[in-house]
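Owing to the predicted nature of the structure, the values given are computational and were not obtained by experimental measurement. Positions are given from 1 along the sequence.
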Amino acid sequence: MTKRKIILLAVLGFLCIVYAVQMALTSGPQIKVFTMEESPDEITVSLPDGGSYSLLKQTGSAGDEKWSVKGRDYEADSVTVERMVRSLSSIKSPGKVSSRTEDTRFGLDDSSAVTVTALGQGKVLRSLRIGKASSSGTQTYAVIGDDSDVRLVSGNLRDVFDKTVDEVRSRLIFDMDQALVSKITVENQNGGFTLEKTGEPPVWSLAGGGGASSRTEVDTEKTASWVSSVLKLTALSFKDESVAEGAADGAADGAADGAVPAGTVVFTLQDKEVSLALYAPEEEEGSVYTAVCSESPWVFNLSSYTAERYLKNPQDFRLQPAQ
């Protein structure tokens, strides 16, 4: 075969590939994008079991935006709400699959569907009826707005919106800036001690018994690691609201039927103190600790792994002599 023929065949093969790609693009499904132009300030979610709740966006005095659960005195988890807003703002659909919106095959009947409505200034910006996820889990059957057809839309919207109010609730108890913390006082079965910043530049030093008369040099690396690990606390879950609300007032009041805490921690900041009390698990609760904190009006639960992080032994901080 001559060189000329080889070149001609190569060019012909390339043109065939280009033609095939063009045919695939023009004959394939056309993606339709449903864009929500305005940002919602309220999202309502109705679940198949009849439960429903609303999430409200609130703007603080500093211009910061937070979402809360309507009718409840607690915030919604920011990551969860951001996923919801993104999913509502832009919905991609490769096409319609059926005109039978109540077909149980798609999970859009009243006993299975999740209904979501996004509002802005009281106006409905988007309504969405969410059915089953596809077999691949990357798409979902849904009805958008007043459409009479079932569409297949991108993403697992079921995973985003099929959440109870407890699952949407923020579990963050506190998240403190280490630069603002000057002292940490701990009392537990391992003994009482205080870590306090001293000197210039400030460094952590250890005082036994919560006092400052005698200070001990600490292992800088171990101390810094522990301090970083305890400045942010996330609850495992919350106690029933009917018995928990207001229990943090007065620290241990109502937290564990008058039980003595397994440990307490007090963080001293520039403008306030943050206190945390931990109660050891009861037999029926397994490894779950009960806790109250001055930063939350709710009694909450912590895993033993998280709780025992605060039940530190002062010996762990001491600087060991060189061998």
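- With rounding to the nearest 0.5 Å, the separation of NZ in K32 from CD1 in I144 is 8.0 Å.
- For the pair R105/Y141, no side-chain contact is recorded, criterion being any heavy-atom separation below 4.5 Å from C-beta on.
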Output side-chain donor-acceptor pairs under 3.5 Å for residues 106-120, partner residues at least two apart or in another chain, one line each.
residue: D109; atom: OD1; partner: S112; partner atom: OG; Å: 3.3
residue: D109; atom: OD2; partner: S111; partner atom: OG; Å: 2.5
residue: D109; atom: OD2; partner: S112; partner atom: OG; Å: 3.2
residue: D110; atom: OD1; partner: R129; partner atom: NH2; Å: 2.6

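- The environment of Q189 atom CD is dense: over 12 non-hydrogen atoms of other residues, nucleotides or ligands sit within 6.0 angstrom.
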Steps toward ring-ring contact (aromatic ring centres under 6.0 Å, His included) verdict (F238, Y74): CA-CA 11 Å; F238 292 90; Y74 46 74; 7.1 Å; no

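- Using a 4.5 Å heavy-atom cutoff, the side chains of L55 and V69 are in contact.
- A distance-only check finds no donor-acceptor pair linking the side chain of D219 to the backbone of D316 [under 3.5 Å].
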Evaluate the side chain to side chain contact (heavy atoms under 4.5 Å, CB included) criterion for residues K197 and W204: first the C-alpha distance (whole Å), next the side-chain angles of each, then the deciding distance (0.1 Å), finally the verdict. CA-CA 4 Å; K197 286 179 181 176; W204 292 103; 3.5 Å; yes

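- Between the CG atom of D162 and the NZ atom of K132 there is a distance of 13.5 Å, given to the nearest 0.5 Å.
- Formation of a donor-acceptor pair under 3.5 Å by the T264 side chain with backbone atoms of A277 is not found in this model.
- The side chain to side chain donor-acceptor pair (under 3.5 Å) test with R171 is passed by exactly one of D77, T234, N301, D166: D166.
- For the pairing with E75, the salt bridge (charged side-chain N to carboxylate O under 4.0 Å, His left out) check across R169, K57, K66 returns one residue only, K66.
- More than 12 heavy atoms of other residues, nucleotides or ligands sit less than 6.0 Å from atom CD of E167.
- In this structure, OG1 in T35 is found 12.0 Å from CG in L88, a value given to the nearest 0.5 Å.
- The shortest non-hydrogen separation linking K163 to Y53 is O-OH, 2.7 Å.
- In this structure, a donor-acceptor pair under 3.5 Å is present between the side chains of R151 and S93.
- Linking ILVMFWY side-chain heavy atoms closer than 4.5 Å, directly or via other members, places V143 and V124 in two distinct hydrophobic clusters.
- A donor-acceptor pair under 3.5 Å links the side-chain atoms of Y310 to the main chain of V230, judged by distance alone.
- A distance of 8.0 Å separates CG of D175 from CG of L231, quoted to the nearest 0.5 Å.
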Working for side chain to side chain contact (heavy atoms under 4.5 Å, CB included), residues L269 and D271: CA-CA 6 Å; L269 287 77; D271 58 348; 4.2 Å; yes

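- Expressed to the nearest 0.5 Å, how far CG of L47 lies from CD1 of I130 amounts to 10.0 Å.
- Under the 4.5 Å side-chain criterion, counting only non-hydrogen atoms from C-beta, N188 is not in contact with L278.
- W67 has its side chain out of reach of S78: every pair of non-hydrogen atoms, C-beta onward, lies at least 4.5 Å apart.
- Atoms NZ and NZ, from K222 and K312 in turn, are 8.5 Å apart once rounded to the nearest 0.5 Å.
- Taking 4.5 Å as the limit, every side-chain heavy atom of F34 sits out of range of all side-chain heavy atoms of L128.
- Side-chain atoms of V33 and S90, non-hydrogen and from C-beta on, do get closer than 4.5 Å to each other.
- Surrounding CG of D146 are at most 12 heavy atoms belonging to other residues, nucleotides or ligands under 6.0 Å away.
- The backbone N or O of T268 sits less than 3.5 Å from a side-chain atom of S182, completing a donor-acceptor pair.
- Taken together through direct or relayed side-chain contacts under 4.5 Å among Ile, Leu, Val, Met, Phe, Trp and Tyr, M84 and L56 form parts of separate hydrophobic clusters.
- The minimum heavy-atom distance between G137 and N156, with the atom names listed, is O-CB, 3.4 Å.
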Step by step, work out the side chain to side chain contact (heavy atoms under 4.5 Å, CB included) result for F300 and C293. CA-CA 9 Å; F300 54 96; C293 179; 3.9 Å; yes

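- Side-chain atoms of E38 and Q121, non-hydrogen and from C-beta on, never get closer than 4.5 Å to each other.
- Scanning all heavy atoms of the two residues, the minimum distance from N190 to L311 falls at ND2-O, 3.1 Å.
- Contact check for W226 versus V218: no side-chain heavy atoms found under the 4.5 Å cut-off.
- Between E295 and I173, the shortest heavy-atom contact is CB-O, 3.6 Å.
- Pairing each heavy atom of A291 with each of L276, the nearest pair is CB-CD1, 4.3 Å.
- Note on L302: it does not cluster hydrophobically with L172, by side-chain heavy-atom contacts below 4.5 Å among ILVMFWY residues.
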Mind running side chain to side chain contact (heavy atoms under 4.5 Å, CB included) on F193 and F317 for me, showing each step along the way? CA-CA 10 Å; F193 65 92; F317 299 110; 3.5 Å; yes

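- Atom NZ of K92 sits in a sparse spot, with 12 or fewer heavy atoms from other residues, nucleotides or ligands closer than 6.0 Å.
- Scanning both residues, Y289 and A262, for their nearest heavy atoms gives CE2-CB, 4.5 Å.
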